[in-house]
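What follows is a short report on a single structure.
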Number of protein chains: 2
Amino acid sequence: MLPNALRYFLEVARIGSVNGASERLHVAGSAISRQISALEMQFETPLFERKPRGMVLTPAGEKLADYARRAFLDAEDVAAEIRGRVDTLRGTIRIATSEGLANVFMSEMAYFFREKYPEVRFDIHVVAPPNIALMVREGEVDIGIAFAVGTPIPVHVVRRVRVTTVAIMHPNHPLAARDHLTMADLANYPVALSTPDTTLRQVIDMRCAAEGVLLNVVMVSSHSAGLMHFARQGGAIAFASPISVRTWITDGLLVARPFVEDTAFNRSLEIQTMAARKLPRLVDDFSRFLADEIGGQIAL
Amino acid sequence: MLPNALRYFLEVARIGSVNGASERLHVAGSAISRQISALEMQFETPLFERKPRGMVLTPAGEKLADYARRAFLDAEDVAAEIRGRVDTLRGTIRIATSEGLANVFMSEMAYFFREKYPEVRFDIHVVAPPNIALMVREGEVDIGIAFAVGTPIPVHVVRRVRVTTVAIMHPNHPLAARDHLTMADLANYPVALSTPDTTLRQVIDMRCAAEGVLLNVVMVSSHSAGLMHFARQGGAIAFASPISVRTWITDGLLVARPFVEDTAFNRSLEIQTMAARKLPRLVDDFSRFLADEIGGQIAL
DNA sequence: CATGTTTACGAGTGTCGTAAGAATA
DNA sequence: TATTCTTACGACACTCGTAAACATG
């Protein structure tokens, strides 16, 4: 459907070398090299910088890569639509999200959405937060659900909401009786934290530094569901955004307590899709569904 | 950049015959026929119905045509962006609009927009109202500015506003002293109308039929600016939407008088772009500019 | 010299144009 | 029979893979 030159180009951009792309594509490196030269000839500008250890995109190359990724997805979508005859209300939605959201939040969203569209399949990729937007940009997933991180990657943000951070504890915990907490309140109790690569941990660290509070950290885990269960057993206070733990709270298994003056604790939860991509109907529906849901959740 | 098969396919779709496309493309009909067969093989479904006088798209073919038109524009845009290096803030904006809007409204919009972007060029195509959306859909223009007509053509509507219809007359006209008019009021005076293929004429005819009023029509013209000048000389009452005549009113050359209970007189003015197309930055800017402008005009 | 890209060249594939065949009013 | 699409076939162009040449830390 699209010229091979673009496929080759894209794979070299991904892998960063002609030989690498050659192996993955089962195409001779010479052929790939020639096609890329042809593209550069056509656009009258180099698309890669030739470095000793491979090739990296020039700004012009970046533009072409963005276009090509979009073009392949578009072509794929229209082919599915034409072949499938049906307006693609069945299909697979590919999602990248972080570990903290994959548990309760994504499960709920998938469950509710499948009540509307029973034929939907979800492919959920749990990856490190900075990689979510990258995967969206490169078209490896249709939708990214992530807390915004510093690096601005050019993706389309369907919706962005400010999300608070709350302390999660056993219902009998002494602090469960309090309406609002400060970081200093927690200093006397054991706490459980996520790993430093999470956005959740980052806002907690920042807040502790600002208040000069040193927490009594008894557990650090990259598995947020594990932290929640640890908190449920009374082992420690954990942290989360309200949407990440909703069912546990409503079921009475845990209680959540907000912090006073919470703004420094806020993170931005984003629904991301590829910039300028025409989404398949199903994916578009789900992105709107998500946006509505978290739009409602913001009131929580 | 894109495979020839798609170019051939699209031209056959446009022209409606292989031989016709063969002439325009300077490619043998056999080659075109073969490429189209290949596409149909690839999608495992016919894209054209073979009629005795040529070929017409099947529903599957329509989908592919929509995709292909989009794909070619996208490819063109990205190529310009890569080559031009600059972020394409100079360039040409192609617009299709109706005769009534091309005069005052488009001139104003183009003039104001060029104050922001002096390097902009406009290609304005004045065509019959039903063709505006078609041209947008087929990618012959970037933006369509049209009053909505019955046939729903799948284009993206950037903005839609309800626009009233007013009577236009010389400042000394007896009716100029009235605040609101009815159709019956006009029966005693000569009026000038646009041709029946215009949306303006259609709403007037409908309203006259509803009220059972017979107008004293002294002029019918397909050139709305001519009708305005005729009204200005006192020859007749003409009709227009407020935005079509704004400068003439503000300059005091003509006066506009609204009708009582005007809703049946409303038309929907639409800013249209190709569905799901990623607009070049310049075009996107202009479409937003237009939307803002007519958004403001609605209060008029 | 190890790694990675580009050029040279023969083999294979695909596309094109001419011309003949088939379908339809 | 006039128009249009499709198939047959030889000529040409393009792409590929192997292998050698080139660039660089």
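Chain letters run A, B, ... following the sequence lines, proteins first, then strands; residues in each count from 1.
For Gln35(A) and dC16(D), the shortest distance from a side-chain N or O to OP1 or OP2 is below 4.0 Å. Contact annotation: Asn4(B) side-chain N/O to dT15(C) OP1/OP2 distance is not under 4.0 Å.
The distance from atom CE of Met55(A) to atom P of dT24(D) is 14 Å, rounded to the nearest whole Å. At whole-Å resolution of the value, CD in Glu11(B) and P in dC5(D) are 13 Å apart. One interatomic measurement links the two molecules: CG of Asn19(A) to C1' of dT18(D), which rounds to 14 Å at whole-angstrom precision. Residue Met41(B) contributes atom CE, which lies 13 Å from atom C1' of dT7(D) at whole-angstrom precision. Rounded to a whole Å, the CD1 atom of Ile32(B) is 9 Å from the P atom of dG17(C). Going from atom CG of Leu25(A) over to atom C1' of dC16(D) covers 13 Å, rounded to whole Å. For the pair Ile36(B) CD1 and dT6(D) P, the interatomic distance rounds to 8 Å; values are reported in whole Å. Straight-line distance from the CG atom of Leu39(A) to the C1' atom of dT5(C): 16 Å, rounded to whole Å.
The closest side-chain donor-acceptor pair between Asp197(B) and Thr195(B) falls under 3.5 angstrom. For the residue pair Glu49(B) / Thr58(B), no side-chain donor-acceptor distance below 3.5 Å is found, with atom types taken as modelled. For the residue pair Arg267(B)/Thr199(B), the side-chain donor-acceptor check at 3.5 Å is satisfied.
Using a cut-off of 4.0 Å between Lys/Arg side-chain N and Asp/Glu carboxylate O, Asp205(A) and Arg201(A) are scored as salt-bridged.
Nearest-nucleotide positions on DNA chain D for His26(A) and Ser17(B) put Ser17(B) closer to the 5' end. Annotation: of the two residues near DNA chain C, Arg50(A) and Tyr8(B), the 5′-most nearest-nucleotide partner is Arg50(A).
At a threshold of 4.0 angstrom between heavy atoms, the contacts of Ser30(A) include nucleobase atoms, whether or not backbone atoms are also involved.
Checked against dT6(C), dT3(D), dT3(C), the side chain of Arg53(A) finds its nearest nucleotide in dT3(C). For Val27(B), counting side-chain heavy atoms from C-beta on, the closest listed nucleotide (dG17(C), dT4(D), dT5(C)) is dG17(C). Set against dC5(D), dT5(C), dT24(C), the side chain of Val18(B) has dC5(D) as its closest nucleotide. Checking dT7(C), dT24(C), dG17(D) against the side-chain heavy atoms of Ser33(A) singles out dT7(C) as nearest.
In this structure, Phe286(B) and Ile93(B) approach most closely via the heavy-atom pair CB-CD1, 3.6 Å.
Side chain Arg34(A) to base dG17(D): a donor-acceptor pair is found below 3.5 Å.
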